[in-house]
Amino acid sequence: MTGESGFQASVDVAPQEKKKFGNVMIIGLGMIGGSFAKALKERGLATLYGVDRREGELTLGVSTGVIDHPAELSAEFVSKMDIIILATPVRAMESVLSEIKPFLSKNILVTDVGSTKGSVVDAVRRVFSEVPPNFIPSHPIAGAEKSGVLASNSLLFEKHMAIVTPLPDSNPVLLDRLHRLWRAVGADVVSMDVEHHDHVLASSSHLPHLLAYTLVDALANGERSQDVFKFAAGGFRDFTRIASSDPVMWRDVFMANKDATLATLDHFTDRLADMRTAIAQGDGASMFGVFTRAKSARDHFLRLLEQRTIGSVKEVCPVSISVLPASSIKGDISLLGDKSLSHKAITIAALSAGMSEIKNVDLTGDVRITMQAFRDMGVVIEEVTADHLRVHGVGLRGLKAPIAPINVHQSRDSLYLLLPILAGQPFSASVVAEGKLLNRSMDDLFSLVRKMGGEVVSEVADCLPVDLSPGVPLNVSVDLTSGSERLRMAAFLAALYSPVEGCVTPFLSGVCHDEVLLRHFGVTILDHGVGFKVVAAPLIGTDIVLSGDEYEVAWLVVLASLLPGSELSIKNAGLDSAMFAFLSFFQSIGADISMPPQDEFGLYEGVLHAGFSELKAFSLTSQQSYQFRDELPLLCVVAAYSVGESRMQGVGSLPYHYEDRVLALVDALRQMKIVCHYINGELVIEGGLPQGGELDCAGDDRLALAMLALGARSQSLTKINDCQKLLEEFNELESVAMQLGFHCLVAQ
Ligand SMILES: NC(=O)C1=CN([C@@H]2O[C@H](COP(=O)(O)OP(=O)(O)OC[C@H]3O[C@@H](n4cnc5c(N)ncnc54)[C@H](O)[C@@H]3O)[C@@H](O)[C@H]2O)C=CC1
Ligand SMILES: O=C(O)C(=O)Cc1ccc(O)cc1
């Protein structure tokens, strides 16, 4: 090992100051080992010892300050370490482990950074006959095509993932230390099992390296190679950068991860053969399909990585919005399409036969998750402009089995649409999620899928992740009178997959956007008094322009009503029966609104006008409180500015989520010096002149909008904290405010 010729490794292992991670030995002081050492050393977190079979690397390691001391794999050094990191090529690890084995004690954390994990665990088993609890493998997903200690970079792991692959017997205290170690050098840590790691990395890292090496080799040895390289365009350079990586390291990787790389290589070879056929046959449609899906998958993926939502907790910057009092709103405005309707329109268009154009569609946030899921199942979706899609539908049962689980991330909207659709396909599929969607019971949705005849298997009862398999399709009958409104579109979709006819009994009577959207695409929905019969028939692609978000419409109407001098026209309102009822109630307490006309489907679509007027105090029965439960925060604001006392019965009997929202607003009202009483579930608000203040909407977008309205006519400035969700949901808020002359200021 080291120190043999001329280079003296000191055996005096620093007893002096103890740093956070103590004595850390890096074995294999190349690019990754050196980067790790440098990152710990620069942060003053450890005393670094380096070992390398190439003496030159150690000399450079000391002279460039990457390590504190050169070392050897002897008792004097090894036994005094707190942490040992193996950073050699993977096939060298077995001999390194044999050398350190005699000097290891069980409280020394030993880890590695190898690109494969199964082979390292096998090597550990061969050396120790088991995996000792203090050996816990890991792998940073960060690197470069360079090698050697001079290529080391102390920031290499910052904002990159580090995968740890603990084993059942791993020591939990040391596992925790390993997590801290990776976090200390800036990495986001994720856990995975060894086998899964090797399969995922075979596709995401090993296969691309193989392709790059093979491409360069094939072209370099082919005819006209001089000219190929001379005239290589940027694409060649981008694609082949990684062919400059270290050949020893990569030979080791492919020898160590043979089965998983062969599996992904076979899959890729099949797809390449398909592309060959498409080119040979001049099949432009197939090529266009592959290129569009691949482009959007990559764009989507990069966006997600930028937000760092894959495998790590999303970093959110706190956003506050301040409202300056005494402004009016004036102007004609068009609102971007409703987000939930955007998810649904894309879904229905994807399941229709033929092409659909969807205009005024909101393509921000979670909507992209729904879109990506369909693209992963073979649907070509072109983004014509930022709010215009062209969807090449494949029919109700025409989706292709996705090659990987569908990831709905944290999007409930995507999940509730995708699950019944997947259950209606002839293939099995898995659905995974992240964060708040995990470990939550989805029993309503899962039982809907079971009603369709689908088989649902999840590790934790009724929770994600879930595996779905098709069964014998059944005629679905869903009664939503005691269920959640969220299930409404899911129930309609399930009914569409019925062999003959499905039946949905919704909670509220009247016209709703979901049914209208389906009718647009040719679905026959027969109202039979207590519910709807949905006739199972193909959907037909069509063109549709989405109307503005209804809650945003309601908010703007309330704002216009409260602010003297306001004159507002919303050019693309689309009100269903429930929103029409709310705005009608609002008219009944004095609001000056003119509603858009009713269209052939029963929606009130078109221009809506609203202006300032003095509003009267009001009383809501329990039934009305329930009916207007979504709009109650807005009504509380109206009550605060009305003359007299307003009452809302039955608030205490609302589902807790709605009650909580109202109570949060009551707190805000009290902070603004408005008198409120909440007794036996009845809320009484005495109108007055709200003061300004600093409010917190607790990340609830609807509450945030209500608080903005509350601040709009208050005595002094109102600042609302925690508004990130509002800007995610209503991302054109600032431009709408600017167009209408509503003075609000967004600050991060
Ligand atoms: N290069 C990359 O981008 C990434 C590499 N990895 C993994 O990190 C490990 C190291 O890779 P790099 O730092 O890129 O390679 P490198 O070639 O820069 O460094 C490896 C070092 O290990 C030394 N070494 C080899 N056999 C040894 C032995 N028996 N005893 C002591 N030292 C020995 C070599 O002399 C060399 O200095 C590999 O297992 C690789 O799979 C992990 C993530 C990224
Ligand atoms: O240079 C690149 O783009 C890489 O892909 C780096 C890399 C190489 C090997 C790994 O195990 C992890 C990351």
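For ligands, and for the atoms within them, numbers begin at 1 and follow the listed sequence.
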Engineer: Just go through Gly143, Ala162, Ser152, Pro140 and tell me whose heavy atom is the nearest to atom 43 (C) of ligand 1.
Structural biologist: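 Going through Gly143, Ala162, Ser152, Pro140 one by one, Pro140 has the nearest heavy atom to atom 43 (C) of ligand 1.
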Engineer: Decide, yes or no, whether a salt bridge links Glu145 with Arg237 under the criterion of side-chain N to carboxylate O below 4.0 Å.
Structural biologist: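 Judged by the 4.0 Å cut-off on N to carboxylate O distance, Glu145 and Arg237 do not form a salt bridge.
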Engineer: Taking heavy atoms and a distance under 4.0 Å, where does Ala144 meet ligand 1: side chain, backbone, both or neither?
Structural biologist: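 The answer is the backbone.
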Engineer: Would you check if Thr116 and Leu201 make a side-chain contact, meaning some heavy-atom pair closer than 4.5 Å?
Structural biologist: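 Of all side-chain heavy-atom pairs linking Leu201 with Thr116, none is under 4.5 Å.
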Engineer: For the residue pair Asp68 and Val62, establish whether any side-chain heavy-atom pair is separated by less than 4.5 Å.
Structural biologist: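 They are not in contact (no side-chain heavy atoms under 4.5 Å apart), so the answer is no.
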Engineer: Using a 4.0 Å heavy-atom threshold (strictly under), name the region of Glu145 that reaches ligand 1: side chain, backbone, both or neither.
Structural biologist: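 Glu145 to ligand 1: no contact under 4.0 Å from either part.
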Engineer: Would you mind listing which atoms of ligand 2 come within a distance below 4.0 Å of any non-hydrogen atom of Met249?
Structural biologist: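 By the 4.0 Å cutoff, the relevant atoms are 9 (C).
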Engineer: Which atoms of ligand 2 have any heavy atom of Ser115 under 4.0 Å away?
Structural biologist: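 Those of ligand 2 that fall under 4.0 Å from Ser115 are 9 (C), 10 (C), 11 (O).
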Engineer: Less than 4.5 Å apart, any side-chain heavy atom of His209 and any of Ser245?
Structural biologist: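 Yes, at least one pair of side-chain atoms sits under 4.5 Å.
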Engineer: Can you list the atoms of ligand 1 that are under 4.0 Å from a heavy atom of Ser147?
Structural biologist: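 Ligand 1 atoms under the 4.0 Å threshold to Ser147: 16 (P), 17 (O), 18 (O).
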Engineer: So do the side chains of His392 and Glu382 get within less than 4.5 Å of each other, counting heavy atoms only?
Structural biologist: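 With C-beta onward as the side chain, the pair touches.
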Engineer: As an exercise, identify every atom of ligand 1 less than 4.0 angstrom from a heavy atom of Val113.
Structural biologist: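 Numbered from 1, ligand 1 contributes 6 (N), 7 (C), 8 (O), 9 (C), 42 (C).
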Engineer: Verify side chain to side chain contact (heavy atoms under 4.5 Å, CB included) between Val194 and Thr165, making sure each step is shown before the conclusion.
Structural biologist: CA-CA 6 Å; Val194 169; Thr165 58; 3.9 Å; yes
Engineer: Out of curiosity, Leu29 CG to Ile85 CD1, how far, rounded to the nearest 0.5 Å?
Structural biologist: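 Going from the CG atom of Leu29 to the CD1 atom of Ile85 covers 11.0 Å.
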Engineer: Please determine if Val96 has a nitrogen or oxygen closer than 3.5 Å to a nitrogen or oxygen of ligand 1.
Structural biologist: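 In fact, backbone or side chain, Val96 has no N or O that close.
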Engineer: Would you say Glu57's side chain and Asp52's backbone share a donor-acceptor pair under 3.5 angstrom?
Structural biologist: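 Here the side-chain-to-backbone pair does not exist.
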Engineer: With heavy atoms only and a cut-off of under 4.0 Å, state how Arg53 meets ligand 1: side chain, backbone, both or neither.
Structural biologist: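 Within the 4.0 Å criterion, Arg53 contacts ligand 1 through backbone and side-chain atoms alike.
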Engineer: Got the closest protein heavy atom to atom 4 (C) of ligand 2, with its distance?
Structural biologist: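 The closest heavy atom on the protein side is His209 CE1, 4.0 Å.
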Engineer: Select one of side chain, backbone, both or neither to describe which atoms of Ile242 lie under 4.0 Å from any atom of ligand 2, heavy atoms only.
Structural biologist: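 Within the 4.0 Å criterion, Ile242 contacts ligand 2 through side-chain atoms alone.
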Engineer: Which atoms of ligand 1 have any heavy atom of Pro89 under 4.0 Å away?
Structural biologist: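 Near Pro89, the atoms of ligand 1 are 20 (C), 22 (O), 25 (C), 38 (C), 39 (O).
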Engineer: Regarding ligand 1, does Gly148 bring an N or O atom to under 3.5 Å of one of the ligand's N or O atoms?
Structural biologist: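 So ligand 1 has an N or O lying under 3.5 Å from an N or O of Gly148.
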Engineer: Using atom types as modelled and distance alone, determine if a side-chain donor or acceptor of Asp198 lies under 3.5 Å from a backbone N or O of Gly118.
Structural biologist: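 Yes.
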Engineer: Can you list the ligand 1 atoms lying under 4.0 Å from a non-hydrogen atom of Gly30?
Structural biologist: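 Near Gly30, meaning under 4.0 Å from one of its heavy atoms, ligand 1 has 13 (O), 16 (P), 18 (O), 19 (O), 21 (C), 37 (O).
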Engineer: Where do Ser414 and Thr370 land on the side chain to side chain donor-acceptor pair (under 3.5 Å) test, with the steps shown first?
Structural biologist: CA-CA 5 Å; Ser414 310; Thr370 298; 2.9 Å; yes
Engineer: Taking distance alone, with no angle check, do Trp250 and ligand 2 share an N/O pair under 3.5 Å?
Structural biologist: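 No, there is no polar N/O contact under 3.5 Å.
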Engineer: Any nitrogen or oxygen of Asp52, side chain or backbone, less than 3.5 Å from one on ligand 1?
Structural biologist: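 Min N/O separation from ligand 1 is below 3.5 Å for Asp52.
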Engineer: I want to check something: taking the side chain as every heavy atom from C-beta on, are Ile83 and Met25 in contact at a cut-off of under 4.5 Å?
Structural biologist: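 No, too far: nothing below the 4.5 Å cut-off.
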Engineer: List ligand 1 atoms under 4.0 Å from His139, heavy atoms only on the residue side.
Structural biologist: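 That gives atoms 42 (C), 43 (C) of ligand 1.
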Engineer: Geometry only, no angles: is Val51 polar-contacting ligand 1 at N/O separations under 3.5 Å?
Structural biologist: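 No, since none of the N or O atoms of Val51 sits under 3.5 Å from an N or O of ligand 1.
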Engineer: Identify which of Ala92, Ser115, Gly28 has a heavy atom lying nearest to atom 6 (N) of ligand 1.
Structural biologist: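 Heavy atom nearest to atom 6 (N) of ligand 1 belongs to Ser115.
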Engineer: Considering the heavy atoms of Ala142, write down every atom of ligand 1 situated less than 4.0 Å from one of them.
Structural biologist: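 By the 4.0 Å cutoff, the relevant atoms are 43 (C), 44 (C).
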Engineer: Against heavy atoms of His139, which atoms of ligand 2 measure under 4.0 Å?
Structural biologist: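 Listed by number with element: 10 (C), 11 (O), 12 (C).
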Engineer: Please check if the side chain of His267 supplies one atom and the backbone of Ala263 the other of a donor-acceptor pair under 3.5 Å.
Structural biologist: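 No, because the side chain of His267 does not come within donor-acceptor range (under 3.5 Å) of the backbone of Ala263.
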Engineer: Report, in ascending order of atom number, the atoms of ligand 2 lying under 4.0 Å from any heavy atom of Arg241.
Structural biologist: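 So the answer, numbered in order with elements, is 1 (O), 2 (C), 3 (O).
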Engineer: Should Val432 and Ile406 count as side-chain neighbours, where that means a heavy-atom distance under 4.5 Å?
Structural biologist: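 They are not in contact (no side-chain heavy atoms under 4.5 Å apart), so the answer is no.
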Engineer: In terms of atom number and element, which parts of ligand 1 are under 4.0 angstrom from non-hydrogen atoms of Gly114?
Structural biologist: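 Those atoms are 39 (O).
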Engineer: In sequence, state the C-alpha distance, the side-chain angles, and the governing distance for Phe103 and Phe77, and then conclude on ring-ring contact (aromatic ring centres under 6.0 Å, His included).
Structural biologist: CA-CA 9 Å; Phe103 321 121; Phe77 285 103; over 10 Å; no
Engineer: I want to know if ligand 1 touches Thr88 in the polar sense, i.e. an N/O pair below 3.5 angstrom.
Structural biologist: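 It does: an N or O of Thr88 is found under 3.5 Å from an N or O of ligand 1.
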Engineer: Between Phe36 and Phe157, does the ring centroid distance fall short of 6.0 Å?
Structural biologist: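 Yes, close enough.
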Engineer: Could you list which atoms of ligand 1 come closer than 4.0 Å to a heavy atom of Val90?
Structural biologist: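 Matching atoms, with element in brackets: 39 (O).
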Engineer: Is there any N or O on Arg54 that sits under 3.5 Å from an N or O of ligand 1?
Structural biologist: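 Among all N and O atoms of Arg54, at least one is under 3.5 Å from an N or O of ligand 1.
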